[in-house]
Amino acid sequence: MKLLIVGGVAAGASAAARARRLSEDAEIIVFERGPDVSFANCGLPYYLGGEITERQKLLVASPDLLRGRFKIDVRTRSSVESIDRANKMVRVRDLITGREYSETYDKLILAPGAAPLRPPLPGIDLPGIFTLRNLQDVDRIKERLDGGVRKVAIIGAGFIGLELVHNCIGLGIDTTLIELQDQVLPPFDMEMTTPVLEKLLSHGARVMLSESAEGFESVDSGLTIRLRSGERITADLVILGIGVRPENKLAVAAGLAVGARGGVRVDAQLRTSDPDIYAVGDAIETHDFVTGDPAQVPLAGPANRQGRIAADNVFGRESTFRGTQGTAIVGVFDLTAAMTGASEKSLRRSNRPFRKIYVHPAHHATYYPGSERMTLKILFQPDSGKLLGAQAVGG
């Protein structure tokens, strides 16, 4: 068996390690465009803020570890340019030397991930406007922060946006958060986000909701952000956290089926429309475990699980991915917000009947010191009581 894996990080690296555990003899090659094959992207904002002090801690598994312990052929700085499905072959370009070569496969796993959205706004490519995807991004942002940044604007109030606000304010930086929706944490129901908004404001963040950036200009003091409302704000540094799009170029060019939002379509065994090609991680369209609707959920937990399931199926172990619940958790100063399953918003969009309750328990027994109140929202089916989703916010 010769298995090629395109992409590392969560899904690709998990697939490679699982594949080796299932077969001592298989030839396994991992192609990764960057220099790091497996790193903790969830930890990047906390390295910027100094809560993670050593960059080395972000490296989950080095290429040398995968080569030495697992006997996996890891080729970093290597870009897979095309797939020849008829001849079961990929074309690879070495990004250091420019050399191109072909590599055959018996099975292929695509794990290219998703790229941060960078909308084509005027001035979007000016120096000082960043996205945060990998260690090279974090190095560039940290260099600017260490150089004495006084004002930061973060565009997007999702999970990464809030983690960046948390860490920038922790560094003593004047921080503005800009969000198109009328609430922070858009996946949550609005009433559950009120304590999060209050916490951000109490720590000095400027939060601008129902607002968006229309363009950027370079000025002597740094950058000017032109907002939809007509207001202009200045910042030394801008970080975009407005979402991601699947890296589907390779799959589309190979004629593999993709969904309406660009995710590579897979079956329950994570096979694409080509039975010898699997796809996993942030690049795929899967389905919502509760509603059954098509879903793209760029989270590390499902990506790791998908990598292992794809490897199982490559080596003949029947394994299925049952969909994603979108389980996520974020810390905002001393507050925590978490959710799993469907929200009230998503249930209303799909016209699904539901009931809801709110409960306000303490986070541990009240007789023990330090007990804090939290709020839980639980959504369930009216007839059976089956749980559909839950959200929590509190200490």
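Basis for what follows: all heavy atoms, side chains included, without hydrogens, waters or symmetry-related copies.
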Please find the pair of heavy atoms, one from [X] and one from [Y], that lie closest to each other, and give the distance.
X	Y	answer
Ile129	Gly123	CD1-O, 3.3 Å
Pro302	Thr324	CG-OG1, 3.7 Å
Leu3	Ala19	CD2-CB, 3.7 Å
Thr272	Tyr278	CG2-C, 3.9 Å
Ile52	Gly43	CD1-O, 3.6 Å
Thr76	Gly34	CB-O, 3.3 Å

*Show your working on side chain to side chain contact (heavy atoms under 4.5 Å, CB included) between Thr193 and Val393 and close with a plain yes or no.*
CA-CA 8 Å; Thr193 67; Val393 62; over 6 Å; no
Please check: side-chain N/O of [X] versus main-chain N/O of [Y], any donor-acceptor pairing under 3.5 Å?
X	Y	result
His363	Glu372	yes
Arg317	Ile309	no
Lys2	Thr104	yes
Asn167	Leu48	no
Gln306	Ala11	no
Arg133	Ala114	yes
Arg348	Asn351	no
Asp267	Leu270	yes
Asp288	Thr291	yes
Gln183	Leu185	yes

Between [X] and [Y], does any side-chain donor sit less than 3.5 Å from a side-chain acceptor?
X	Y	result
Glu191	Tyr358	yes
Lys151	Thr176	no
Thr320	Glu318	no
Ser343	Gln391	no
Ser371	His364	no

*Report the C-alpha distance between Asp94 and Ser78 in whole Å, list the side-chain angles of each, state the deciding distance to 0.1 Å, and finish with yes or no for side-chain hydrogen bond (donor to acceptor under 3.5 Å, both in side chains).*
CA-CA 5 Å; Asp94 186 314; Ser78 296; 5.2 Å; no
Between [X] and [Y], does at least one N-O distance fall below 4.0 Å, as a salt bridge requires?
X	Y	value
Arg91	Glu103	no
Arg75	Glu32	no
Asp189	Lys356	no
Arg349	Glu344	no
Asp174	Arg206	no
Arg228	Glu214	no

Distance from [X] atom [atom1] to [Y] atom [atom2], nearest 0.5 Å?
X	Y	atom1	atom2	answer
Leu171	Leu145	CG	CG	6.5 Å
Leu65	Ser38	CG	OG	9.0 Å
Phe70	Arg18	CZ	CZ	11.5 Å
Leu379	Ser346	CG	OG	8.0 Å
Asp236	Ile173	CG	CD1	9.0 Å
Leu209	Asp182	CG	CG	7.5 Å

Mark yes when over 12 heavy atoms from residues, nucleotides or ligands other than [X] sit less than 6.0 Å from its [atom1]; otherwise mark no.
X	atom1	result
Tyr367	OH	no
Arg355	CZ	no
Arg322	CZ	no
Glu231	CD	yes
Ile160	CD1	no
Lys345	NZ	yes
Arg352	CZ	yes

*Does NZ or CZ of Lys142 lie under 6.0 Å from the centre of the six-membered ring of Tyr47, at an angle within 45° of the ring axis?*
yes
Among the clusters formed by ILVMFWY side chains lying less than 4.5 Å apart, do [X] and [Y] turn up in the same one?
X	Y	value
Val258	Leu250	no
Met339	Leu200	yes
Met208	Leu240	yes
Ile239	Val184	yes
Val219	Phe216	no

*Show your working on side chain to side chain contact (heavy atoms under 4.5 Å, CB included) between Asp84 and Val90 and close with a plain yes or no.*
CA-CA 6 Å; Asp84 179 351; Val90 300; over 6 Å; no
Validation row: [X], [Y] side chains within 4.5 angstrom (heavy atoms):
X	Y	answer
Ile233	Thr224	no
Arg77	Pro35	yes
Arg144	Phe130	yes
Arg33	Arg93	no
Arg140	Gln136	yes

*Could you tell me how the ring of Phe333 sits relative to the ring of His203: parallel (under 30°), tilted (30 to 60°) or perpendicular (over 60°)?*
parallel
*Applying the salt bridge (Lys or Arg N to Asp or Glu O under 4.0 Å) test to Lys107, which of Asp276, Asp274, Asp312 qualifies?*
Asp276
*Stepwise, does the side chain to side chain contact (heavy atoms under 4.5 Å, CB included) test hold for Asp293 with Ser350?*
CA-CA 9 Å; Asp293 297 331; Ser350 60; 4.0 Å; yes
_For Asp36 and Leu59: C-alpha separation, side-chain torsions, deciding distance, then whether side chain to side chain contact (heavy atoms under 4.5 Å, CB included) applies._
CA-CA 8 Å; Asp36 307 299; Leu59 295 172; 3.7 Å; yes
